[in-house]
Amino acid sequence: MRTIVIGGAQLGPIQKADSREAVVERMIALLDQAKGAGCDLVVFPELCLTTFFPRWYMEDQVEVNAWFEREMPNVATAPLFAVAREAGIAISFGYAELTPDGRHFNTSIMTDRAGNIIGKYRKVHLPGHSEYDTERAFQHLEKRYFEPGDLGFPVWRNLDAIMGMCICNDRRWPEVYRVMGLQGVELIILGYNTPSVNSQMVDEGPEKRLYHSELVMKAGAYQNATWVVGIAKAGVEDGHPLLGGSIIVDPNGYVVARAAEEEEDELIVHVCDMDVCTFGKTTIFDFARHRRIEHYQRICAQTGAEVPER
């Protein structure tokens, strides 16, 4: 067996006034729990160093840039890396990245046990809108503050497994899982900040949104015979509720660990055997034997739906 003890480090709400240093202290507390539980890897959420700032409309670029990290690790996050390194725990977390040439991305990184950053992913599927929308109950301005990711969906070897990353809305797109599946991925880790209600649809509440969140992760896990770990930043941030529902899903699509309903800082833990992926990858989802790519050209040839003529 190739087992990895995975800790899903759900975070409760981070208020607009909370400092990065205060958030890192909370992350370290979860790392300490993970060490006691024997974790090899701890997964934190998307944009986990700050509040979910894309809900705020800003025109001043200086104000916008204040939410972004210019390097990683930096002064605020160095203690997190140090604790993880000392404990021999690999970590993954998301943050807003400002590159040296002035580009803005919604980013996630992965380290090895020694605290070295071995993988970086930039969110591809940005939801929301770019200008203030008076018709919405609240704003979701990821398209204003971020560029679509430019790194694709790579995978990395870490902890004797093949791992990939995606972020939040990416989890809703089957192509994300399949592109990593075609690279033999055995573990997909992702964080999310998902509003509990839809800003454009008043009757889509938390129950339906939680159902859809689980549905896509379970489907992606099963259809690619891979573990999927989806971890939330949850609770009420500055009056805006975020969905919880952090889960660990096995390669058969079963939820094997689930966060409680309190939507607070919480660690979920499961011993994940990477060899469980083998059966699916060598039978029904043996891509080399069963995929028929001559019939899939439309997937990469168009974006919007093209309905047949009458």
Q) Between Val5 and Val269, does a side-chain contact (heavy atoms from CB on, under 4.5 Å) hold up when you go through it step by step? A) CA-CA 7 Å; Val5 183; Val269 178; 3.7 Å; yes

Q: Would you please test Phe44 and Ile231 for side-chain contact (heavy atoms from CB on, under 4.5 Å) and show each step?
A: CA-CA 6 Å; Phe44 292 96; Ile231 304 302; 5.9 Å; no

**Q.** Derivation and outcome, side-chain contact (heavy atoms from CB on, under 4.5 Å), residues Phe153 and Tyr177
**A.** CA-CA 9 Å; Phe153 298 98; Tyr177 302 91; over 6 Å; no

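The aromatic rings of Phe52 and His140 sit perpendicular to each other, their planes meeting at more than 60°, with 30° as the lower class boundary.
For Tyr95, there are no side chain to side chain donor-acceptor pair (under 3.5 Å) partners at least two apart in sequence or on another chain. Take Glu147 and apply the side chain to side chain donor-acceptor pair (under 3.5 Å) test, not counting sequence neighbours, and it matches Arg103. Under the salt bridge (Lys or Arg N to Asp or Glu O under 4.0 Å) criterion, Arg178 pairs with no residue, sequence neighbours left out. When the side chain to side chain donor-acceptor pair (under 3.5 Å) test is applied to Asp18, no partner is found at least two apart in sequence or on another chain.
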Side-chain donor/acceptor pairs under 3.5 Å, residues 79-93, sequence neighbours excluded:
unit_1	atom_1	unit_2	atom_2	d
Arg85	NE	Ala114	O	3.1
Ser92	OG	Ile109	O	2.9

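Evaluation of the salt bridge (Lys or Arg N to Asp or Glu O under 4.0 Å) test over residues 297-309, restricted to residues two or more places apart or in two chains, returns none. Screening residues 1-42 for ring pair (Phe, Tyr, Trp, His ring centres under 6.0 Å), with sequence neighbours left out, gives no hits. Every pair passing salt bridge (Lys or Arg N to Asp or Glu O under 4.0 Å) that includes a residue from residues 67-82 is listed here, sequence neighbours excluded: Arg20-Glu69. Evaluation of the salt bridge (Lys or Arg N to Asp or Glu O under 4.0 Å) test over residues 104-126, restricted to residues two or more places apart or in two chains, returns Asp40-Arg113, Glu46-Lys123, Glu97-Lys120, Glu97-Arg122, Arg122-Asp150, Lys123-Glu142. Among residue pairs with one or both ends in residues 160-172, those qualifying as side chain to side chain donor-acceptor pair (under 3.5 Å) are Tyr121-Asp170, His125-Asp170, Arg171-Thr194, Arg171-Ser213; sequence neighbours excluded.
Grouping Ile, Leu, Val, Met, Phe, Trp and Tyr residues whose side-chain heavy atoms lie under 4.5 Å apart, directly or via other members, places Tyr211 in a hydrophobic cluster with Leu215. Counting side-chain heavy-atom gaps under 4.5 Å among Ile, Leu, Val, Met, Phe, Trp and Tyr, Phe279 is found in no cluster with other residues.
Note that CD1 of Ile4 is 7.5 Å distant from CZ of Arg2, once rounded to the nearest 0.5 Å. Here the CG-CG distance, from Leu126 to Leu141, works out to 12.0 Å after rounding to the nearest 0.5 Å. The distance from atom NZ of Lys143 to atom OG of Ser130, rounded to the nearest 0.5 Å, is 8.0 Å. The CD1 atom of Ile167 lies 14.0 Å from the OH atom of Tyr192; values are rounded to the nearest 0.5 Å. Taking OG of Ser246 as the start and CD of Glu266 as the end, the distance is 7.5 Å to the nearest 0.5 Å. We find the CG-CG distance between Leu187 and Leu41 to be 6.5 Å, quoted to the nearest 0.5 Å.
Side-chain contact between Leu243 and Leu210: present, with at least one pair of heavy atoms (C-beta onward) separated by less than 4.5 Å.
Remark: side-chain polar atoms of Glu237 are not paired, donor with acceptor, to backbone N or O of Lys233 under 3.5 angstrom. Checking side-chain atoms of Tyr132 against main-chain N and O of Met58 turns up no donor-acceptor pair under 3.5 Å. Remark: side-chain polar atoms of Glu63 are not paired, donor with acceptor, to backbone N or O of Glu59 under 3.5 angstrom.
None of Phe146, Phe68, Trp67 except one satisfies the ring pair (Phe, Tyr, Trp, His ring centres under 6.0 Å) rule with His104; the exception is Phe68.
Of the N and O atoms on the side chains of Asp275 and Thr278, not one donor lies less than 3.5 Å from an acceptor on the other residue. A donor-acceptor pair shorter than 3.5 Å cannot be found between the side chains of Glu186 and Thr226.
Around the CH2 atom of Trp56, the shell of radius 6.0 Å holds more than 12 heavy atoms that belong to other residues, nucleotides or ligands.
Summarising the geometry of Ile162 relative to Val155, their closest heavy-atom pair is CG2-CG2, 3.7 Å, with the distance given to 0.1 Å.
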